[in-house]
Each structure stands twice: as structure tokens, then as C-alpha cells.
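First up is the structure itself, then whatever we jot down about it.
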Amino acid sequence: MSVKMLGVPYDVHSSFLRGPAAAPQAVRDALTCGSANWCTESGLDLEPLRDESWFDLGDLVIPDHAPSAVGMIRNEVTAAIADGSRILSIGGDHLVTWPIVQAVSAVHDDITIVHFDAHPDLYDELDGDRYSHACPFARIMEEGRVARLLQFGIRTMTPHQRDQADRFGVEVHELRDWDYRIPELSGPVYISIDVDALDPAFAPGISHNEPGGMTTRQLLDSLYQIDASGVPVVGADVVEINPSRDVNDQTAMVGAKLIRELLGMMIGKELVQ
Ligand code: MN
Ligand code: MN
């Protein structure tokens, strides 16, 4: 099962700060800086599998105009997975998840999305903008192609977003209540990681500092629970790293670690439907 890594450098509709468009390059630099090896924690060495089991497609060149950007990302991902490959994206802000999921859900029926984030990103619109990075999961759920949306790490619920979660049947595990267990899943699964799910102490290079978050270890252990459950992960993204706010490339290194572990998870499993 091959995996295609794709940089999706788009942040035009970030509501507070721009910067995540620089993340694909920052994470690639962290992956290749020489300070870490290419093994996953389970011991799978990804380096010899490059251009065999996984491929780096480089970064898209994306127009600013949001409807054009969404269409282009969807078309590029559709082309990338047409041969049965899985897609692993580096954002960009969280808007990019919408067109990526459009492409993946056109191929795989009834996907379950596992979404890690401080924010539910369920706004119908933010400041009049339906393309805001605060809205992608409202857009995804409106389209009705997804079986389940599970959210973890959430600690910024608003009354409007609570209403939206009820409307769409989103399974929100707010961080104040969550026991760090992933409920039973059935495949295929798409994993979307907004790095601000982590506490800013672990990942300072983000646009929205939201204290009280997960540790890097808790996030990794959540991923390993998904892996151990045996469900096929048909797509994943790591979004919202803002290199202009990073400290000592700490957050870029977190991104690189997440990319390595996700690659290992996605290469390993055959699709059973
Ligand atoms: Mn988000
Ligand atoms: Mn967020």
C-alpha cells in the first residue's frame, strides 16, 4: 500500500494570523535535518521505503481565491489517490482538510474522521467567511459523505458550535472530560491533526495559543490506539503549524514526528471493507 505525501501551503483564510503556508517546507526541513532517524517508534525504517512504499509529491502551488484553491486541492488529491494510494498532507491551515476529505470520501464510502484540535472548527461562518479555517468540519458534514466525525482535544466550545455539533451528530470528546481512550472504530479512517490540540508548551509554533492541551505523548498514544485497532487509515493531515511563531523548530519537529508515525501506520495496513 503506497502513501503519497503532499504539501498543501494555503493559509489565506486563517482568521487571526497567517503563517501555516510555510509549514510544509519547515516540516520537510525537520524531517531531513539529520538530528533524527527515519524509524517509527515501532521500528519501521521509512528511509529505504522512500520511492517504494511512500512518495513525496512536493508542494502544490495554490491560488489565493478560496473557491479556486478548494477546487484545485480536491483535484490534485483526487489525481494522487487514483491509483489506490493513500494521501498524507502537510498543511496549510485547517481549511485544506475540506477538499482533501472531498477527494478521499469520493473514493472511500463511509469514512470515519478522527480529528484532534483545540477547536471544533464547526462554525457555519466566521466574520462572514465560510472558507475560514474555523469552518471546514461544518462544510464536510454538510456534504454528508462522512459516516462519523470524532473530535478529541477540544477546549474552546461555543454555544453556536455546540449547536452545530448536535446538528451534525459530531462525537465531541472535550478535553476536560476525555479519558484519552479512542472509542471503537470501523474503517476506513481519516486522521486530521491540528497541532494546537497539543498544549502550547509542546508546540508553540501555532497561530492560536490555547493553554491546557494534550501532551505530545498523549497524542502519539492516541494514534497508536488507532493503529492497534487494525482499522485502515486511508488519509491523514497535519495542519496549523505556524513556523513564524515557532521556537527552536520545536513544532516543526513535532510535525515531522507525526508525519513519520502516520506514514508507518498508513503503509502497514491493507484496506478491508
Ligand atoms: Mn483546526
Ligand atoms: Mn485549532
Side-chain angles (χ1 to χ4, degrees), residues 13 15 70 73-74 77 86-87 89 91 93-126 129-197 208 210 213-214 218-219 222-223 225-240 271-273:
H13 286 249
S15 60
V70 165
I73 296 166
R74 180 179 60 238
V77 174
R86 298 173 180 183
I87 189 77
S89 304
D93 73 24
H94 223 150
L95 175 64
V96 307
T97 301
W98 174 29
I100 296 167
V101 166
Q102 284 181 322
V104 172
S105 64
V107 173
H108 301 284
D109 288 331
D110 294 332
I111 60 170
T112 291
I113 300 179
V114 179
H115 168 205
F116 297 93
D117 203 325
H119 313 92
D121 293 351
L122 286 167
Y123 280 101
D124 182 55
E125 48 88 12
L126 189 71
D129 184 5
R130 292 174 64 80
Y131 289 89
S132 168
H133 70 151
C135 301
F137 291 93
R139 300 292 86 80
I140 287 168
M141 296 312 280
E142 284 164 359
E143 291 176 347
R145 294 275 313 159
V146 168
R148 290 172 80 190
L149 170 59
L150 293 86
Q151 299 184 323
F152 302 95
I154 308 298
R155 52 191 187 278
T156 60
M157 263 293 182
T158 60
H160 167 67
Q161 293 195 96
R162 217 174 279 287
D163 290 346
Q164 290 281 88
D166 290 344
R167 173 184 165 202
F168 295 124
V170 182
E171 298 166 56
V172 183
H173 297 263
E174 290 184 63
L175 199 45
R176 61 185 179 143
D177 299 323
W178 184 35
D179 62 2
Y180 301 103
R181 290 177 189 277
I182 302 290
E184 191 170 336
L185 304 172
S186 54
V189 165
Y190 184 94
I191 299 173
S192 184
I193 301 176
D194 180 330
V195 172
D196 70 26
H208 299 262
E210 195 58 53
M214 297 172 71
Q218 286 165 338
L219 177 57
S222 299
L223 296 179
Q225 284 182 57
I226 297 168
D227 191 36
S229 76
V231 293
V233 178
V234 295
D237 61 61
V238 177
V239 299
E240 295 283 355
L271 183 62
V272 181
Q273 286 200 95

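Count residues from 1 along the sequence. Only heavy atoms go into these numbers, but all of them, side chains included; no hydrogens, no water, no symmetry mates.
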Quiz item: Step by step, would you call Tyr190 with Asp237 a side-chain hydrogen bond (donor to acceptor under 3.5 Å, both in side chains)?
Solution: CA-CA 8 Å; Tyr190 184 94; Asp237 61 61; 2.6 Å; yes
Self-check item: Residue pair Val107, Val234: steps toward the side chain to side chain contact (heavy atoms under 4.5 Å, CB included) verdict
Solution: CA-CA 10 Å; Val107 173; Val234 295; over 6 Å; no
With a 4.5 Å heavy-atom cut-off, do [X] and [Y] have their side chains touching?
| X | Y | result |
| --- | --- | --- |
| Ile100 | Ile87 | yes |
| Thr97 | Ile113 | no |
| Asp196 | Glu210 | no |
| Gln164 | Pro120 | no |
| Val70 | Tyr131 | yes |
| Ile191 | Phe116 | yes |
| Val101 | Ile111 | yes |
| Ser105 | Glu143 | no |

Closest contact, heavy atoms only, [X] versus [Y]:
| X | Y | value |
| --- | --- | --- |
| Gly153 | Met214 | CA-SD, 4.3 Å |
| Val189 | Ser186 | CG2-O, 4.1 Å |
| His108 | Pro188 | CB-CG, 3.9 Å |
| Val233 | Arg86 | O-CD, 3.3 Å |
| Asp129 | Cys135 | O-SG, 3.5 Å |

Quiz item: Should the pair Arg155-Asp117 be classified as a salt bridge under the 4.0 Å nitrogen-to-oxygen rule?
Solution: no
Between [atom1] of [X] and [atom2] of [Y], what distance do you get to the nearest 0.5 Å?
| X | Y | atom1 | atom2 | value |
| --- | --- | --- | --- | --- |
| Ile154 | Leu122 | CD1 | CG | 8.0 Å |
| Ile140 | Ser192 | CD1 | OG | 7.0 Å |
| His173 | Asp179 | NE2 | CG | 9.0 Å |
| Gln218 | Trp178 | CD | CH2 | 7.5 Å |

Practice problem: Would you check if the side chain of Arg74 reaches a backbone N or O of Trp98 as a donor-acceptor pair within less than 3.5 Å? | Solution: no
Exercise. Report yes or no: does Gln225 contribute a side-chain atom to a donor-acceptor pair with the main-chain N or O of Ile182 at less than 3.5 Å?
Key: yes
Quiz item: Arg145: what forms a salt bridge (Lys or Arg N to Asp or Glu O under 4.0 Å) with it, not counting sequence neighbours?
Solution: Asp109
Self-check item: Steps toward side chain to side chain contact (heavy atoms under 4.5 Å, CB included) verdict (Leu219, Tyr180)
Solution: CA-CA 9 Å; Leu219 177 57; Tyr180 301 103; over 6 Å; no
Exercise. Take Asp93 and His13 through the test side-chain hydrogen bond (donor to acceptor under 3.5 Å, both in side chains) and record every step on the way to the result.
Key: CA-CA 8 Å; Asp93 73 24; His13 286 249; over 6 Å; no
Quiz item: Is the number of heavy atoms from other residues, nucleotides or ligands within 6.0 Å of CZ (Arg181) greater than 12?
Solution: no
Self-check item: Set of residues satisfying side-chain hydrogen bond (donor to acceptor under 3.5 Å, both in side chains) with respect to Glu171, sequence neighbours excluded
Solution: Arg148
Self-check item: Member of His94, Gln151, Gln161 meeting the side-chain hydrogen bond (donor to acceptor under 3.5 Å, both in side chains) criterion with Asp121
Solution: His94
Practice problem: Mind running side chain to side chain contact (heavy atoms under 4.5 Å, CB included) on Glu142 and Asp124 for me, showing each step along the way? | Solution: CA-CA 10 Å; Glu142 284 164 359; Asp124 182 55; 3.7 Å; yes
Self-check item: Full working for side chain to side chain contact (heavy atoms under 4.5 Å, CB included) between Leu149 and Phe168
Solution: CA-CA 9 Å; Leu149 170 59; Phe168 295 124; over 6 Å; no
Practice problem: Applying side chain to side chain contact (heavy atoms under 4.5 Å, CB included), name anything that partners Ser15, two or more places apart in sequence or on another chain. | Solution: Leu126, Ser132, His133, His208
